[in-house]
Structures are given as structure tokens and as C-alpha cells.
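Notes follow once the structure below has been shown.
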There are 2 protein chains.
Amino acid sequence: MLKTNEVMDVEKVAMTLKLLGDKTRLIMVKLLDSHDCCVCEFVEIFKTSQPSISQHLRKLRDVGLVKEERRGQWIFYSLNKDNSYYCFVQQVLGQLPSQDHKLKELEEQGTRITCC
Amino acid sequence: MLKTNEVMDVEKVAMTLKLLGDKTRLIMVKLLDSHDCCVCEFVEIFKTSQPSISQHLRKLRDVGLVKEERRGQWIFYSLNKDNSYYCFVQQVLGQLPSQDHKLKELEEQGTRITCC
DNA sequence: TGAGTATATAAGTATATTATTATATACTTA
DNA sequence: TAAGTATATAATAATATACTTATATACTCA
């Protein structure tokens, strides 16, 4: 894993920023920075279709920013700490306000998944 | 100007990241972080058309990330330090390797503009 | 003032991105 | 094993983006 200040490939940084440059994905990644989440939680949070969420997650997964893990019926996503640009992403996310209130809302609604 | 850790609008952060998520613009902004540059220098550096460069600069200008200043025949661009997201952008750029070698090449070629 | 240089903008085209709809896969549980 | 739930993928349509070509504007200097 690259440490901050080690040499980074500008092209890959641009690609990472482009991925984060979408409101839905940015909030997703920010949420994942503090909690693993499953697909249906994102569907609920973003009030959008399940395929749309899956496609965003796929993009993040394709570049190795997130990883998936099945837990029973659900597939949970988490940040991939082994990714070369994990530290870089952390620095960016660190400047963003927490989005955890969105998860709180799910808990209040009773739609937060806490299996396993 | 927002300090890092003050509340930022996620939507605007996403928009900023999207703008930086283009290799040409990312390098432009990184270069501007250390030196003002004029349009024709960018044209030379990126080996692309002048309108293409102008259009990238316009996008950056439209959100207030950069500002322009005429100096004689040339228009010089610089980072807009008054922008609310200047600090945020600084943090991102700080993690990128310097791109100043591109300006060095111009100097060696004799195509660096140093008017005024 | 006219020619040359620097830059911006408009229009058109090619490509990329995002969301939707339809469908397939995989797991759970009665 | 059948029905229900969760997720992924494929195909398509709508929209956004980036580059090119053509043209307009503004400055400089002979």
C-alpha cells in the first residue's frame, strides 16, 4: 500500500477522483469509511433503484476501492484497505462531513441490516 | 474561505472532485498550485488544441477554482485562493507528485512565457 | 491601420456515463 | 423443493463530456 507522499500515478489519481466525483459514490465511500454496508441499505438511503446502486458499487469494485463479502443473504461492501490509493482516499474523505446520520435514519426506520 | 474540517457541501465536493477527475485538468491545477500559467503554455504541455485547453480552463473558472488575469498579450491563470474549496483542493494536490518537470521542459524548449 | 498572435466561444460529432427495464443467479426458509 | 428476498448483469435510452473545426475578439507591433 502506498503511503501518502510516495509517488502516485497521476492517471490513476485522476481516475480515482472521477469515481469519487459522483455524489452517490462519494457518500457511499464516506459511509463505508465508518461502517460496512449492504446493497439494500444503499438502495434505501439513496432512494434509487437496486441496479443503479449495484452499478456504482461495481465501478468502485473494479478499481479495487471497495470489496464485497457475502454474509448469509446479504452482500456487504467495505473499503479495501489494501488498495494502493486507500490512504489517498482517506485524506479526501477525512475532509468531508460525516454522513452517518443517513445510517441513523435507517436504524430509526428499522431497515438497517445487522445480520451476522 | 472554508478551513479544512468546517462543514462542506457534499454536492459541491463531488462536483470539485469530478472536475479534478480529468487527467488534463488535474495536472493543470497541480501546475497552477506552484506557478501561474498562460493558455499557450498548457497547449504546449498537453500537446492538444487551444480550444480544448480553453474549455477545460473555463470549467475550472466557472466553479471559481481558478481565475484569469490578462498580462499584455497573454492571459494567465492562477488558483483562486478565495474559493471556499481552496483548502480542500490543496489537500488533494498535496498528495500528488509535482508536475513541474513539464514546465522545465518548456523552459528548455524556450517556449515558457515569462512576460511582465 | 493592417498583420500577426493569443484566447474564447459556438456548433457539431464521437464517446462516456447514468439510469431504467428486464432478466438471471444465489441464498433462505417454510 | 417452491416461493421469496437480495444482488448482479445485460440491453437500452437519455444525458453529459470532450474533442475538433470554424469563427470572433482583443491585444501588439511594424
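Note on naming: letters A, B, ... go to the chains in the order of the sequence lines (proteins, then strands), and numbering restarts at 1 for each one. The figures here come from the full heavy-atom set of this structure, side chains too, leaving out hydrogens, waters and symmetry mates. For clarity, every value in this text was computed on a predicted model and none was experimentally measured.
- Nearer to the 5' terminus of DNA chain D, by closest-nucleotide assignment, is the contact made by A:Val43 (compared with the other of A:Val43 and B:His56).
- Looking at residues two or more places apart in sequence or on another chain, you find a side chain to side chain donor-acceptor pair (under 3.5 Å) between B:Glu44 and B:Lys47, B:Gln109.
- Toward the 5′ end of DNA chain D lies the nearest nucleotide of A:Ser54, the other residue of the pair B:Arg25 and A:Ser54 mapping further downstream.
- The side chain of A:Thr48 lies closest to C:dT20 when the candidates are C:dT20, D:dA6, C:dT18.
- Comparing atom distances between the B:Val39 side chain and each of C:dA6, C:dA8, D:dA10 picks out C:dA8 as nearest.
- Comparing C:dA26, C:dA19, D:dT17 against the side chain of A:Arg70 picks out C:dA26 as the nearest.
- At a threshold of 4.0 Å, the pair B:Glu69-B:Lys67 does not count as salt-bridged, since none of the basic side-chain nitrogens sits closer than that to a carboxylate oxygen.
- Side-chain atoms of B:Gln55 and base atoms of D:dT20 include a donor and an acceptor less than 3.5 Å apart.
- Listed nucleotides D:dG4, C:dA8, C:dA19 differ in distance to A:Gln73; the shortest reach to its side chain belongs to D:dG4.
- Remark: A:Tyr77 is not in phosphate contact with D:dA6, judged by side-chain N or O atoms under 4.0 Å from OP1 or OP2.
- With C:dT20, C:dA8, C:dA6 as the choices, the nucleotide that has an atom nearest any side-chain atom of A:Ser49 turns out to be C:dT20.
- A sub-4.0 Å separation between OP1 or OP2 of D:dT17 and a side-chain N or O of B:Lys18 is present.
- A:Tyr86 is not listed as a side-chain neighbour of A:Asn80, based on a closest heavy-atom distance of 4.5 Å or more.
- Side-chain contact check for A:Lys30 versus B:Val10: every heavy-atom pair is 4.5 Å or farther apart.
- Across every non-hydrogen atom of A:Glu41 and A:Asp36, the tightest pair is OE1-O, 4.4 Å.
- Residue A:Arg58 places its side chain closer to D:dT9 than to any other of D:dT9, D:dT20, C:dT7.
- When distances run from any side-chain atom of A:Arg61 to the nucleotides D:dT9, C:dT21, D:dA18, the shortest one goes to D:dT9.
- Nucleic acid contact class of A:Lys23 (heavy atoms, under 4.0 Å, all strands): none.
- For the pair A:Glu44 CD and D:dT7 P, the interatomic distance rounds to 12 Å; values are reported in whole Å.
- C:dT5 is paired with D:dA26 under the Watson-Crick or G-U wobble criterion, all donor-acceptor distances under 3.5 Å.
- Looking at A:Gln50, its side chain has no donor and acceptor atom pair within 3.5 Å of the base of D:dA6.
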